[in-house]
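Note sheet for the following structure.
Predicted model only: the values in this text are computed from it and were never measured. In what follows, chains carry the letters A, B, and so on, assigned in the order in which the sequence lines appear, proteins first and then strands, with residues in each chain numbered from 1.
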Amino acid sequence: MADGSRLARWRGLVGVAVVRLWGRLTAGRRRRTWLCVVGIAVPVALLLVVTSVSIGLATGPTTSADDVDYWVTPESNASSAVTDVGTTRFAGTHATAARLSARDDVAFASPMLTELLAVEGPDGGTEYLLAVGVVPEQGYGSVTPVSSVQLSPDDPYYAGGSYDGRWTGSMVLSEAAAETLDAGTGATVAPRRSASNRTFTVVGVSPPKRAGVSQFPVAVVRLSELQAVVGADERDAADRLLVAAPSATAETEAALAATYPNAAVRSRGELLVERAVDEQLPLAMAASALILSLTTGTLLIGTTFGFEVAASSRRRAILAAVGVSGRSRAALIGLETLLLALLGGYLALVVWAGGSFAANAVARWRFDTQVAVFEPWLLPAGVAVAVLIGLLSVPYLLFVGRRSTEEADLG
Amino acid sequence: MTDADPGRPVLRAEDLRVERGGRAVLDGASLAVAPSERVLIRGDSGAGKTTLFEVLGLLLPPTDGSLYVGDADAAALSERERARLRRETVGVVFQEFRLIPDLTARENAALPGEHDGSVDGAWLSELFERLDVADRRAAYPAALSGGEKQRVAVARALVSRPDVVLADEPTGQLDPAAADRVLELLFELQAETDTALVVVSHDPQLVDRFERRYRLTDGRLRTA
């Protein structure tokens with residue numbers, strides 16, 4: 001067959017499959033056909049909900065830094081989360097961040113130091129906080145897991161490296177930290193390790209931005225002040241550099257990688273994947289959900305559409321009578337299955353949106369946080385899984401179609 | 001429609017034999033249909049008319065014997081080639097219409113050409129006009145009367161301009177008025193398009209309207 005007529009044949013077959021499916025969905029045995037669509041949509045939607053919850057659990061603390069496009073970390077810390085402390089650190093970080101911020105292709109850069117800190121709250125009891133130190137910048141209050149917007153820009157205590165500037169002592173607590181310390185705005189928090197008896201004053205309590213964060217008692221302070229408290233001021237040490245560079249190029253990434261000999265640069269997407277892999281439980285959840293949805297989806301469409309295919313034997317016998325070859329009739333079964341799967345995939349996206357909304361509503365009500373995150377790549381992934389379910393079902397449906405057509409009688 | 005030689009039969013069956021359950025339903029049936037010819041095959045119920053219709057329509061391979069559609073020996077063709085031959089040279093009209101319920105009237109009639117992109121839309125529209133179903137083209141079969149369904153089936157049989165149209169009891173499900181109307185239109189279009197017409201029926205009222213008549217008895221065709 002010439003390429004032109006082969007193309008015309010396929011175009012014609014797709015056209016016939018589309019009008020037949022449309023007819024099935026709108027006239028005649030509508031209920032059965034819609035059942036097939038739902039049979040694909042439900043497992044795919046469940047997969048998407050489980051995956052978005054898994055991603056939320058795996059990446060919440062780190063990727064909650066909404067304004068950050070790149071994380072520059074020492075090689076050994078490449079995929080560390082906010083909760084990883086006491087590892088290899090960069091030195092001279094204020095100067096490095098200032099150098100990066102001066103670049104045209106970098107909007108903002110700040111070192112970030114995290115340290116587990118024993119503090120004394122207003123009631124005199126000792127509690128542990130995860131202290132996060134950054135250089136605050138106007139418009140970049142979302143670079144930390146808990147918003148630092150209540151810290152005014154700049155880091156005056158650093159004073160060009162002399163660490164003798166004005167001590168602001170401003171601290172923003174997460175809701176969990178405020179609850180743990182029983183401290184509100186205006187309360188004094190005293191680090192137990194501070195040699196200079198420096199204290200902090202709570203200037204705000206910030207709600208969690210994403211899944212996972214609310215469970216941690218987090219405190220955000222200015223970098224130099226945290227360095228002074230924990231003894232990291234000698235080398236101006238920090239765990240990582242946070243960089244906002246929305247229009248970054250390969251040259252930008254090269255400049256970031258050149259900041260330190262052992263620097264590892266991770267973009268938001270790379271970090272998300274690494275975190276998902278590192279967090280084995282959510283990954284296992286997502287993988288199990290994928291296998292289950294493929295299995296149940298294939299079984300459901302095999303059963304429901306299998307009945308439909310078997311019941312349509314006379315229709316295919318009519319197609320045979322008007323000159324549609326066996327190969328074309330088989331192609332029609334395959335095309336109709338894939339179209340159904342595609343429709344089921346799109347319906348799954350709608351169900352997923354509703355399911356994620358419900359999961360977040362329950363999580364907010366019960367745990368005061370949200371668990372499911374929206375990742376754009378899940379949209380094509382959901383449709384792709386639905387199509388894969390369709391493809392896996394096709395051989396069985398062709399077998400059913402072949403058997404039932406042979407038995408059909410037009411007389 | 002293929003370029004048929006005016007003297008050469010468009011359909012030729014020789015010594016067709018079909019066995020079912022150890023019984024010969026057709027037993028040496030022979031027939032030759034010339035271009036534009038009208039042929040009536042009559043027979044009692046159970047005489048094997050529908051089996052003969054299916055064999056002539058390339059829907060059922062005979063147990064023995066030969067069938068030629070134009071120059072093509074049906075037995076020598078693959079399933080795909082037979083389907084193509086059926087699509088391009090043989091139109092079929094069934095007693096019970098056999099329209100696909102989830103396709104509209106137009107989509108049903110376009111089926112032989114629609115799936116390979118060869119349908120002639122203008123010709124199909126003309127057929128719908130001529131068969132008085134133009135205003136019903138978007139209706140699904142469930143919304144059509146018996147007469148309308150059969151007229152859509154006639155349009156489907158003629159849409160690819162076949163050399164021969166086979167009709168199995170085409171008026172069997174219709175009231176007399178609708179039956180007359182369908183037959184009139186079928187004859188009219190058959191004459192205009194130089195298509196041969198083979199009707200299999202037990203209806204005695206059709207006898208006078210055909211040039212050649214056969215009777216199927218004991219599995220054989222005899223001139224009536």
Under 3.5 Å: donor-acceptor pair, side chain of A:Arg314, backbone of B:Ile100: no
A:Tyr346 atom OH, over 12 foreign heavy atoms within 6.0 Å: no
From CA spacing to verdict: side-chain contact (heavy atoms from CB on, under 4.5 Å), A:Ser325, B:Glu79: CA-CA 7 Å; A:Ser325 68; B:Glu79 187 274 339; 4.0 Å; yes
A:Ile318/B:Arg156 under side-chain contact (heavy atoms from CB on, under 4.5 Å): CA gap, chis, key distance, verdict: CA-CA 11 Å; A:Ile318 295 169; B:Arg156 181 178 63 189; 3.5 Å; yes
pair A:Thr26-B:Tyr140: side-chain heavy atoms closer than 4.5 Å: yes
More than 12 heavy atoms of other groups within 6.0 Å of A:Arg327 CZ: no
Residue among B:Thr51, B:Val90, B:Asp102 with most heavy-atom pairs under 4.5 Å to chain A: B:Asp102
Exercise: identify the closest heavy-atom pair between B:Leu59 and A:Ala321: CD2-CA, 3.4 Å
Whether over 12 other heavy atoms sit under 6.0 Å from A:Trp22 CH2: no
Contacting region of B:Leu99 [heavy-atom separation from chain A under 4.5 Å]: backbone
Worked verdict on A:Val322 versus B:Arg86 for side-chain contact (heavy atoms from CB on, under 4.5 Å): CA-CA 7 Å; A:Val322 299; B:Arg86 194 156 58 228; over 6 Å; no
Which portion of A:Arg315 sits near chain B, non-hydrogen atoms under 4.5 angstrom: both
Check: B:Arg87 and A:Val324 side chains under 4.5 Å, non-hydrogen atoms: no
